[in-house]
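Right, one structure below, let's go through it.
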Amino acid sequence: MILTLLLCGRVDAQELSISTNFLDYVDLGTMNVDAAWGFARHWSAHLGLRYNPFTFPGREGVADQMQARQRTVSFGGRYWPWHIHSGWWVSGKAQYQEYNRGGLTEAETSEGDRIGGSLGGGYTYMLSPSLNLEIGAGVWAGYERYTTYACPECGRVVGQGERNFVLPNDFLLGLVYVF
């Protein structure tokens with residue numbers, strides 16, 4: 001991205017943005033940020049990060065602890081039919097995730113690595129010249145290596161392997177600041 005900026009020679013206002021997705025915080029406090037660069041009237045490049053290091057006390061009768069820990073990085077682009085940072089958009093991205101999730105509805109816990117691609121879409125509503133509200137959703141497919149444990153704290157392996165997956169991704173209700 002830096003090389004592209006140097007080759008283009010200039011960056012105009014309204015081409016850079018930073019955003020956060022409020023729905024990720026509901027997922028046991030997953031912190032997130034997405035930086036975007038509008039390099040053409042209809043195209044923007046995006047770099048996203050998600051991080052959740054938290055473990056919480058579990059619910060009685062389910063598990064002693066629960067977590068939705070993850071480290072996720074993604075890179076992709078959006079196509080905007082009208083203009084970048086405004087209106088409808090469709091997106092595609094490559095994504096890698098290291099995760100450890102369990103104790104939420106049952107004692108079983110799964111951890112592993114996922115890599116794949118995501119397709120999504122949404123709408124960005126301009127609240128002011130520098131502040132936008134966006135909604136969207138996507139689907140993510142790829143390959144994962146995983147280990148399943150009987151409970152979050154016991155360490156007893158009950159399953160292990162590799163598989164393809166298709167999962168919902170990027171349920172989005174975000175606030176975007178456009179520079």
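Note that the numbering runs from 1 along the sequence shown for the chain.
Using a 4.5 Å cut-off on side-chain heavy atoms (C-beta onward), Asp170 and Asn21 make no contact. Arg101 is listed as a side-chain neighbour of Asp27, based on a closest heavy-atom distance under 4.5 Å. Ser74 has its side chain out of reach of Gln97: every pair of non-hydrogen atoms, C-beta onward, lies at least 4.5 Å apart. Counting only heavy atoms from C-beta outward, the side chains of Ile135 and Leu173 approach each other to under 4.5 Å.
Relative orientation of the Phe179 and Tyr177 rings is perpendicular, given thresholds of 30° and 60° on the angle between their planes.
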**Q.** Chi angles and distances behind the side-chain contact (heavy atoms from CB on, under 4.5 Å) call for Ser91, His46
**A.** CA-CA 9 Å; Ser91 67; His46 291 253; over 6 Å; no
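For the ring-ring contact (aromatic ring centres under 6.0 Å, His included) condition, the pairs that include at least one residue of residues 140-167, sequence neighbours left out, are Trp140-Phe165. Pairs of residues two or more places apart, or lying in two chains, that qualify as salt bridge (charged side-chain N to carboxylate O under 4.0 Å, His left out) and include a residue from residues 118-143 are Arg78-Glu134. Residues in residues 107-126 take part in these ring-ring contact (aromatic ring centres under 6.0 Å, His included) pairs, two or more places apart or across chains: Trp88-Tyr123.
If you take CG on Leu28 and CD on Gln67, they are separated by 9.0 Å, rounding to the nearest 0.5 Å. Taking OH of Tyr51 as the reference point, atom CD of Glu98 lies at 9.5 Å (rounded to 0.5 Å). The CG atom of Leu175 sits 4.5 Å away from the CG atom of Leu131 when rounded to the nearest 0.5 Å. Residue Arg114 holds its CZ atom at 5.0 Å from CG of Leu167, rounded to the nearest 0.5 Å. In this structure, the separation between CZ on Arg59 and CG on Asp64 is 13.0 Å, given to the nearest 0.5 Å. Taken to the nearest 0.5 Å, the CG atom of Asn52 stands 4.0 Å off from the OG1 atom of Thr30.
Paired with Trp43 under the rule ring-ring contact (aromatic ring centres under 6.0 Å, His included), one option of Trp89, Tyr79, Trp37, Trp80 passes, and it is Tyr79. When each of Arg69, Glu144, Gln70 is checked for a side chain to side chain donor-acceptor pair (under 3.5 Å) with Tyr99, only Glu144 meets the rule.
In summary, the side chains of Thr124 and Asn132 do not present any donor paired with an acceptor at a separation below 3.5 Å, with no hydrogens or angles considered.
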